[in-house]
Amino acid sequence: MNAMEIANSPAMWIACGLAVLLVIIQAVIFTRQAYKAGPKVGLTNTQLKKAVKSSALTAIGPSLVVLSGMLSLLITVGGPMAWMRLSFIGSVMFESIAAGIGTSTVGVELGVDPMTGSALTMAVWTMIIGSIGWIIIGTFSADKMDKVQSKISGGDPAKLAMISSAAIVGLFAGMTAQKLVTLNKNALACVLGGGIMAFLMYLSEKKNIAWLKDWNLTISIFAALMITALI
């Protein structure tokens with residue numbers, strides 16, 4: 001049995017499937033708890049349903065990006081591992097880099113040289129060990145975030161909302177800037193996505209198109225991907 005037969009074996013599908021099942025169960029529990037907490041903070045049933053619908057629709061666009069990364073990753077480390085890693089923890093960029101670092105330690109260039117058993121092992125362990133830090137930090141800091149937020153904002157909800165918004169804008173600005181300076185198709189995709197998103201937001205507000213407000217992110221990402229791929 002060669003490396004890719006091992007990577008796509010029933011045992012790997014079962015092992016990776018258990019991890020994905022855990023995420024699904026966790027998502028169901030979180031959704032149910034959030035739905036129960038809604039009325040306690042003054043949200044109506046209609047508002048809750050709208051929030052669930054909007055969140056589900058908004059998630060479609062980013063999921064397309066993850067899917068494209070999964071397609072490239074499954075060629076190198078197999079379907080089960082690509083499915084698990086991009087469903088469980090991690091990101092497209094991290095998984096590809098981590099897998100490449102792992103295989104390079106045994107002299108295999110990811111996506112170029114034939115995958116060996118040793119290279120597959122190193123790729124899997126590098127991806128897993130490299131993400132342990134996220135789990136540790138999340139585990140020991142999640143219950144302390146309320147205190148941190150209160151300390152930073154001084155207990156002012158408006159100030160906290162402003163700080164959170166600024167952090168999100170800064171994060172995405174930093175990520176986008178890295179792509180823009182390359183002046184290649186990555187930069188083109190960023191500009192197209194931003195331009196399409198701005199137009200759709202203007203159109204949905206101007207014409208008061210409710211459904212477009214839910215779909216504008218998905219449409220922007222998909223349109224930018226398709227146009228960039230065709231150019």
Side-chain angles (χ1 to χ4, degrees), residues 54-55 57-79 81-115 119 122-124 126-131 133-134 137 162-207 209 212-231:
S54 299
S55 299
L57 293 177
T58 302
I60 294 175
S63 296
L64 293 174
V65 180
V66 175
L67 178 61
S68 64
M70 185 183 295
L71 292 175
S72 63
L73 196 62
L74 67 84
I75 297 173
T76 53
V77 297
M81 184 56 59
W83 176 49
M84 187 270 283
R85 291 302 302 173
L86 295 179
S87 300
F88 191 50
I89 188 169
S91 65
V92 175
M93 185 179 296
F94 168 79
E95 303 303 342
S96 300
I97 294 174
I101 293 173
T103 58
S104 66
T105 60
V106 291
V108 174
E109 186 177 351
L110 189 68
V112 177
D113 300 323
M115 183 65 76
M122 294 302 296
V124 171
T126 304
M127 287 189 288
I128 293 173
I129 295 175
S131 60
W134 305 337
I137 292 175
M162 193 163 55
I163 293 173
S164 300
S165 299
I168 293 173
V169 171
L171 172 64
F172 281 99
M175 294 174 62
T176 304
Q178 296 176 28
K179 304 299 181 182
L180 290 173
V181 296
T182 60
L183 298 178
N184 55 18
K185 284 195 172 184
N186 290 330
L188 177 62
C190 288
V191 173
L192 285 172
I196 295 170
M197 183 69 176
F199 172 74
L200 292 178
M201 289 180 65
Y202 169 79
L203 184 64
S204 62
E205 290 292 337
K206 185 74 173 179
K207 302 295 184 180
I209 307 175
L212 187 57
K213 294 179 182 179
D214 294 329
W215 283 93
N216 52 20
L217 178 61
T218 300
I219 294 173
S220 300
I221 294 176
F222 186 74
L225 283 173
M226 292 300 295
I227 295 172
T228 304
L230 291 173
I231 294 178

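Among residues two or more places apart in sequence or in another chain, the side-chain contact (heavy atoms from CB on, under 4.5 Å) test is passed with Ile137 by Ser141. With sequence neighbours left out, Ala119 forms a side-chain contact (heavy atoms from CB on, under 4.5 Å) with Thr103, Val106, Val108, Met115, Thr116. Partners of Trp215 according to the ring pair (Phe, Tyr, Trp, His ring centres under 6.0 Å) rule, which considers only residues two or more places apart in sequence or in another chain, do not exist here.
Closest approach of Met127 to Ala98, counting heavy atoms only: CG-CB, 3.9 Å. Smallest separation of non-hydrogen atoms from Val77 and Ala82: CG2-N, 4.3 Å. Minimum heavy-atom separation, Gly100 to Leu110: N-CD2, 3.6 Å.
Thr176 places no side-chain N or O within 3.5 Å of a backbone atom of Ala173 that could act as its donor or acceptor partner. A donor-acceptor pair is defined here as one N or O able to donate and one able to accept, closer than 3.5 Å; no such pair exists between the side chain of Arg85 and the backbone of Glu95.
A distance of 14.5 Å separates CH2 of Trp83 from CG of Leu73, quoted to the nearest 0.5 Å. The CE atom of Met84 lies 5.0 Å from the CD1 atom of Ile128; values are rounded to the nearest 0.5 Å. Separation of atoms OG1 (Thr76) and CG (Leu74) is listed at 7.5 Å; rounding is to 0.5 Å.
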Tabulate below the donor-acceptor pairs under 3.5 Å that side-chain atoms of residues 189-204 make, not counting sequence neighbours, or state none.
from, atom 1, to, atom 2, distance (Å)
Ser204, OG, Leu200, O, 3.0
Ser204, OG, Met201, O, 3.0

Taking distance alone, no hydrogens or angles, what donor-acceptor pairs closer than 3.5 Å link side-chain atoms of residues 223-231 to residues at least two apart or in another chain?
from, atom 1, to, atom 2, distance (Å)
Thr228, OG1, Ala224, O, 2.7

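Listed by first then second residue, pairs satisfying side chain to side chain donor-acceptor pair (under 3.5 Å) with a partner in residues 180-191 read Thr182-Asn184, not counting sequence neighbours.
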